[in-house]
Amino acid sequence: MVDISLPAPSTIDLRSRWRVPATIVPLALLAVVVVAVVFPSLLTGADPLAANPLAALQGPSGAHWFGTDQLGRDVFTRVVYGARYSLSIGAAATALSVLAGGIIGLVAGLAPRVVDELLSRALDVLSAFPEVLLALLFIAFTEPGTPSLILAIALAFAPRYGRIVRAQTLLVRRAGYVEQALTLGLSRARLAWRHILPNVLGPLPILATIGLGASIVNAAALSFLGMGPQPPSPEWGAMLAESRSYLRVAWWTAILPGLALTVTVVSLTAVGRRLQARFEGRH
């Protein structure tokens with residue numbers, strides 16, 4: 001008797017089917033966020049700072065998709081324009097932390113043992129502090145505002161990238177082609193620039209994509225505490241801080257900006273994890 005039953009889909013096939021929406025949906029959401037950052041007028045024609053006390057605390061409707069806040073400002077418009085604040089702060093902080101951590105990790109991996117130990121112990125000490133606490137300590141010695149917020153978050157996340165780059169540098173440094181180049185008389189500076197640096201920097205963009213979400217969350221948390229852009233700036237964390245007194249009577253003023261923050265961070269993390277899986281050959 002011939003078996004004509006169809007074979008059951010394999011686990012690999014099922015995973016492939018799930019990967020398509022799991023990748024496309026976050027990318028589509030991030031595309032909308034990018035449009036909000038670069039061309040916010042395409043999504044809304046209103047002014048995020050325009051107040052109308054007569055329309056204060058109105059619920060979501062056709063005129064105001066996300067409702068209005070306590071001053072009658074359109075919440076949807078403020079969420080759209082707030083993407084520029086939150087993502088710009090997160091991107092700038094991530095870029096600085098990758099740059100600072102990369103330099104420290106590269107120097108530690110190439111320097112003599114004594115210098116490596118000093119830099120490694122310094123990274124360990126900084127890594128022992130929670131990122132938000134370390135950022136708060138930095139801002140305590142400066143002043144609240146966007147520049148201080150960016151530098152604080154960069155300082156808090158730099159040890160993470162520094163340790164990764166150091167470990168990668170030590171791994172590449174022990175490779176056979178590197179030792180052969182040293183034997184042939186290639187200078188350390190040229191060796192680091194031509195052979196070590198390109199191989200060390202490979203995973204950094206992927207890790208930075210994942211870290212960008214964490215930077216945005218920490219920026220929003222510090223802005224919520226009054227350490228970032230000050231009102232009436234439509235930054236997501238500042239919007240959450242302004243709306244906390246009206247949560248019981250106007251839930252949309254806090255829930256919808258918080259939802260925008262959550263969707264953005266989750267999408268960034270999902271895309272970053274997917275890129276990491278492909279980079280490590282687990283796709």
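At least one donor-acceptor pair under 3.5 Å links the side chain of Thr142 to the backbone N or O of Ile139. Put simply, the side chain of Thr68 never gets that close to the backbone of Asp74: no donor and acceptor are under 3.5 Å apart. A distance-only check finds no donor-acceptor pair linking the side chain of Trp252 to the backbone of Trp65 [under 3.5 Å]. When atom types are taken as modelled, the side chain of Thr262 and the backbone of Gly258 share a donor-acceptor pair closer than 3.5 angstrom. In this structure a side-chain-to-backbone donor-acceptor pair under 3.5 Å is missing from Arg273 to Ala270.
Taking CZ from Phe138 and CG from Leu134, the interatomic distance works out to 9.5 Å, rounded to the nearest 0.5 Å. Considering CG of Leu275 and CG of Leu207, their distance stands at 10.5 Å, rounded to 0.5 Å. Going from atom CD of Glu235 over to atom CG of Leu149 covers 7.5 Å, rounded to the nearest 0.5 Å. Here the CG atom belonging to Leu106 is positioned 5.0 Å from the OG1 atom belonging to Thr169, to the nearest 0.5 angstrom. Rounded to the nearest 0.5 angstrom, Leu222 CG and Ile150 CD1 are separated by 12.0 Å. For the atom pair Arg244 CZ and Met239 CE, the distance stands at 14.5 Å (nearest 0.5 Å).
In terms of the side chain to side chain contact (heavy atoms under 4.5 Å, CB included) criterion, Ala31 has no residue partners (sequence neighbours excluded). When the ring pair (Phe, Tyr, Trp, His ring centres under 6.0 Å) test is applied to Phe66, the partners found at least two apart in sequence or on another chain are Phe76. For Arg163, there are no side-chain hydrogen bond (donor to acceptor under 3.5 Å, both in side chains) partners two or more places apart in sequence or in a different chain.
In this structure, Tyr161 places its OH atom where more than 12 heavy-atom neighbours from other residues, nucleotides or ligands lie under 6.0 Å away.
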Evaluate side chain to side chain contact (heavy atoms under 4.5 Å, CB included) for Asp69 paired with Ser243, printing each intermediate quantity in order. CA-CA 7 Å; Asp69 63 7; Ser243 62; over 6 Å; no
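For the pair Arg73 and Pro232, the minimum side-chain heavy-atom distance is below 4.5 Å. Put simply, the side chain of Val75 reaches to within 4.5 Å of the side chain of Pro257, judged on heavy atoms. For the pair Ile216 and Leu87, the minimum side-chain heavy-atom distance is below 4.5 Å. Inter-residue side-chain proximity for Pro229 and Ile89 is flagged as met; some heavy-atom pair is nearer than 4.5 Å. Here the side chains of Ser223 and Trp236 are not in contact, with every heavy-atom distance at 4.5 Å or above. The closest side-chain heavy-atom distance from Leu268 to Val33 is not below 4.5 Å.
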For residues 38-48, which side-chain donor-acceptor pairs fall under 3.5 Å, sequence neighbours excluded?
{"unit_1": "Thr44", "atom_1": "OG1", "unit_2": "Ala46", "atom_2": "N", "d": "3.3"}
{"unit_1": "Thr44", "atom_1": "OG1", "unit_2": "Thr77", "atom_2": "OG1", "d": "2.9"}
{"unit_1": "Asp47", "atom_1": "OD1", "unit_2": "Leu49", "atom_2": "N", "d": "3.1"}

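Residue pairs meeting the side-chain hydrogen bond (donor to acceptor under 3.5 Å, both in side chains) criterion with at least one member in residues 113-122, sequence neighbours excluded, are Asp116-Ser120, Asp116-Arg166, Glu117-Arg121, Ser120-Arg166, Arg121-Asp124. Applying the salt bridge (charged side-chain N to carboxylate O under 4.0 Å, His left out) test to pairs two or more places apart or on separate chains, those with a residue in residues 139-161 are Glu131-Arg160.
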